[in-house]
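So the structure is just underneath, and the comments pick up after that.
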Amino acid sequence: MKYSSEKKHIGMLIKCIEKKIVNELNKELEQFDITLMQNEVLRYIYFHEKNQDVFQKQIEEFFNSTNPTITGILNRLEGKELIKREINLKDARYKKLTVTPKGKELLDKMLELGPKKVENKLTQRLSVEERDELERLLILVLDGLEN
């Protein structure tokens, strides 16, 4: 075990885990020619456009990211013909974001793959009880950070 002999604080361990998860997910997504962040933004648009119009500002706020960062992601998604920007009839300054049929097809393929493969790799050395306890503890940590 690489990390057991080193005493690291919990925040550093979580950061190391997060980095490995992102790397694994990006490897899985390479076959679709999309990055994890592009996938997350595409999924956000897809799941929110059903109930409301989606605009760039919402995505910036949800992902706590800057305008230039989200603009770049949206430009790449649009260049891959996975999303389109449509003129908002209420206010032409804002472009409504929608997922194209090609984007929906890609999402279906990626949803089939899902994060399960990475999650299984992440918890492969844990028993079912340990997995449940890890999930419970992580939820407690997240809840604590929300307050």
Side-chain angles (χ1 to χ4, degrees), residues 1-86 94-147:
M1 289 189 180
K2 184 176 178 180
Y3 296 101
S4 63
S5 63
E6 300 174 33
K7 181 68 176 156
K8 294 190 178 199
H9 60 86
I10 291 172
M12 181 58 73
L13 290 171
I14 290 171
K15 182 178 174 155
C16 291
I17 291 168
E18 188 264 346
K19 187 173 181 176
K20 289 191 179 290
I21 290 170
V22 168
N23 288 340
E24 287 294 321
L25 288 169
N26 274 322
K27 278 186 217 170
E28 290 294 321
L29 292 170
E30 276 178 0
Q31 64 185 300
F32 303 110
D33 187 34
I34 194 168
T35 66
L36 179 59
M37 193 60 189
Q38 290 169 5
N39 174 56
E40 293 298 319
V41 170
L42 185 64
R43 289 169 52 93
Y44 178 92
I45 297 168
Y46 178 74
F47 288 111
H48 286 84
E49 74 180 347
K50 296 173 185 175
N51 301 319
Q52 65 186 25
D53 289 347
V54 178
F55 302 99
Q56 180 170 337
K57 188 73 174 162
Q58 293 165 267
I59 295 170
E60 291 169 13
E61 290 170 1
F62 182 82
F63 289 101
N64 193 29
S65 197
T66 64
N67 176 282
T69 298
I70 298 301
T71 296
I73 292 167
L74 293 174
N75 286 343
R76 285 186 284 288
L77 290 172
E78 191 174 35
K80 294 175 184 183
E81 300 177 347
L82 301 175
I83 66 163
K84 62 182 175 178
R85 291 176 168 117
E86 299 175 345
Y94 297 99
K95 304 283 191 268
K96 183 173 96 168
L97 303 166
T98 59
V99 177
T100 65
K102 182 178 176 181
K104 289 176 184 168
E105 184 180 320
L106 179 64
L107 278 170
D108 286 343
K109 288 178 188 174
M110 290 188 298
L111 287 173
E112 284 176 24
L113 174 70
K116 278 292 183 201
K117 186 175 179 182
V118 174
E119 184 176 309
N120 288 339
K121 187 173 182 181
L122 183 69
T123 59
Q124 65 188 343
R125 294 184 178 181
L126 303 179
S127 68
V128 172
E129 294 80 18
E130 289 169 328
R131 287 173 91 153
D132 291 345
E133 181 67 1
L134 176 61
E135 182 179 348
R136 187 187 73 75
L137 292 171
L138 290 172
I139 289 169
L140 276 176
V141 169
L142 282 172
D143 285 347
L145 291 172
E146 294 293 321
N147 298 329

Any side-chain heavy atom of [X] within less than 4.5 Å of one from [Y]?
X: Met110; Y: Leu42; answer: yes
X: Leu77; Y: Ile34; answer: yes
X: Leu97; Y: Ile59; answer: yes
X: Thr35; Y: Leu29; answer: no

From [atom1] ([X]) to [atom2] ([Y]), nearest 0.5 Å:
X: Ile14; Y: His9; atom1: CD1; atom2: NE2; result: 10.0 Å
X: Phe32; Y: Leu107; atom1: CZ; atom2: CG; result: 10.0 Å
X: Leu74; Y: Lys95; atom1: CG; atom2: NZ; result: 13.0 Å
X: Phe63; Y: Ile73; atom1: CZ; atom2: CD1; result: 8.0 Å
X: Lys57; Y: Ile70; atom1: NZ; atom2: CD1; result: 11.0 Å

Just to verify, what does [X] make a salt bridge (Lys or Arg N to Asp or Glu O under 4.0 Å) with, not counting sequence neighbours?
X: Glu86; answer: Lys84, Lys96
X: Arg43; answer: none
X: Lys104; answer: none

Those residues that, when tested against [X], pass side chain to side chain donor-acceptor pair (under 3.5 Å) (two or more places apart):
X: Lys80; result: Gln38
X: Glu18; result: none
X: Lys15; result: none
X: Thr123; result: Arg131

Please tabulate, one pair per line, all N/O donor-acceptor pairs under 3.5 Å involving side-chain atoms of residues 47-56, not counting sequence neighbours.
from	atom 1	to	atom 2	distance (Å)
His48	ND1	Tyr44	O	2.8
Glu49	OE1	Val99	N	3.2
Gln56	NE2	Glu60	OE2	2.9
Gln56	NE2	Asn67	O	3.4
Gln56	NE2	Thr71	OG1	2.7

Q | Salt-bridge present (Glu24, Lys20; N to O < 4.0 Å) | A | no

Q | All pairs passing salt bridge (charged side-chain N to carboxylate O under 4.0 Å, His left out) where residues 63-79 contributes a residue, at least two apart | A | Glu78-Arg85

Q | Partners passing side chain to side chain contact (heavy atoms under 4.5 Å, CB included) against Lys102 (at least two apart in sequence or in another chain) | A | Glu81, Leu82, Thr100

Only pairs under 3.5 Å count here: list side-chain donor-acceptor contacts from residues 132-142, not counting sequence neighbours, and write none if there are none.
from	atom 1	to	atom 2	distance (Å)
Glu133	OE1	Arg136	NE	3.0
Glu133	OE2	Arg136	NH2	2.8

